[in-house]
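To start, the structure itself, in structure tokens.
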Amino acid sequence: MTSIALFDIKGRSSKTTLVYHLAHMYQRQGKCVLAIDLDPQSNLTSSFLDEDDLAFLWDESDPTFPRHQEALFSRFGLEGARTMAHAVEPIVRGTGDIQTVDPIEVTENLWLVSGDLGLSRFEDDFSNSWAPGFSGDEKALRTTSAFHRIIQDAQRRIDPDITLIDVGPNLGAINRAALLSADTVLMPLAADLFSLRGLRNLGPTLREWRHKWQRVVLPWAPKGLDLPVGHMKPLGYVIMQPEMRLDRPVQAYRRWLDRIPMVYDRFVLDGSGDPAGTEHEIATIRNYRSLMPLAHDARKPMFDLRAADGALGSTQAFVQTCYRDFRDLMEKIDARLAQTVND
């Protein structure tokens, strides 16, 4: 089992779209996939589930429709916590330990641990638990490791081939706890100034978190606690191609694109790679904005769109191109994961 956190701090980089489509592509190739929504915005969860499902999971269902409630409960078969926010609430409130979350089988062999906008309420609790963990405070360490233990439980239940973790676009305490639970980190980037600036902040912060966790926290942690190793190993980056505008020539993007390898090497890898090379660029995903509205209305991945969904003529050819792009991306990620394990 390998976990990948998709993470950037710029925002609006199509990160959640990438997680959603990779999850479906791995499933199409016969893999068992576990998707984890640790972004308090919960966009990944709302991509997989409709509004009635979300209302049920978030305790906002209309009580005047008990039959609908029963149908949803029967469908999900929930016995534990419904979302990540429900799962961590006892431990951050000091009333108990984590609750396990029942993964939801969205489709065959594709499982979701659902997110919740309520997760953002616990940012301060996660922040306040960081420093006490340096001295081995058990309650603090249980809070910081909450996501790791929830994910471990979900993995034991369904034994996925791959775990994809959607993380919010910031360097806050919730994201720190989320990233500590990940084996690798994949970064979606746009060829613009904001992504470059984001890398300059993201890279050193990841190294600081990894260093403090592995060199300061783990050696002094009480024995017997289930704590993450904190690998967070950079897997590489994916360029999300922007929409080309007639009033802005391609050269305007090229100048930022050409700088990404140097910035990634210096600030993410700490100068251990080739600043002039592109070996850490996994792929470039073209802009599929014309397919997004159709996919949203059909509630399916862009590469699954059919004529009945409005994908007609040349649009259907674009759908096939989209399928090949995401299949190739999946294969390149697998190759990079194999290389990471060997390293």
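- Using a 4.5 Å heavy-atom cutoff, the side chains of V185 and I4 are not in contact.
- Of the possible donor and acceptor atoms, one in the side chain of S135 sits under 3.5 Å from a partner among the backbone N and O of P132.
- Residues M232 and V216 share a single hydrophobic cluster, defined by chaining ILVMFWY side chains whose heavy atoms lie under 4.5 Å apart.
- Between the side chain of E105 and the backbone N or O of W111 there is no donor-acceptor pair closer than 3.5 Å.
- Pairs engaging residues 126-145 under the salt bridge (Lys or Arg N to Asp or Glu O under 4.0 Å) rule: D97-R142, E138-R142 [sequence neighbours left out].
- F194 and L189 fall into different hydrophobic clusters, defined by Ile, Leu, Val, Met, Phe, Trp and Tyr side-chain heavy atoms under 4.5 Å apart, directly or through other members.
- Under 3.5 Å, the side chains of Y323 and D328 contain no donor-acceptor pair of N or O atoms.
- The list of ring-ring contact (aromatic ring centres under 6.0 Å, His included) pairs with a residue in residues 154-175, not counting sequence neighbours, is empty.
- Remark: K300 engages D309 in a salt bridge, criterion side-chain N to carboxylate O under 4.0 Å.
- Between D166 and the choices T45, N43, T16, the side chain to side chain donor-acceptor pair (under 3.5 Å) rule is met once, by T16.
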Which donor-acceptor pairs under 3.5 Å do side chains of residues 219-231 form with protein atoms, sequence neighbours excluded?
unit_1 : atom_1 : unit_2 : atom_2 : d
D226   : OD1    : H148   : NE2    : 3.0

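- Qualifying side-chain contact (heavy atoms from CB on, under 4.5 Å) partners for S290, counting only residues two or more places apart in sequence or in other chains: F318.
- With rounding to the nearest 0.5 Å, the separation of CD1 in I98 from CD1 in I91 is 6.5 Å.
- Annotation: salt bridge (Lys or Arg N to Asp or Glu O under 4.0 Å) contacts involving residues 21-38, sequence neighbours excluded, comprise R28-D304.
- The ring pair (Phe, Tyr, Trp, His ring centres under 6.0 Å) search around F126 returns F147, not counting sequence neighbours.
- Note that R176 lies in the cation-pi zone of W130, set by a 6.0 Å cut-off to the ring centre and a 45° limit from the axis.
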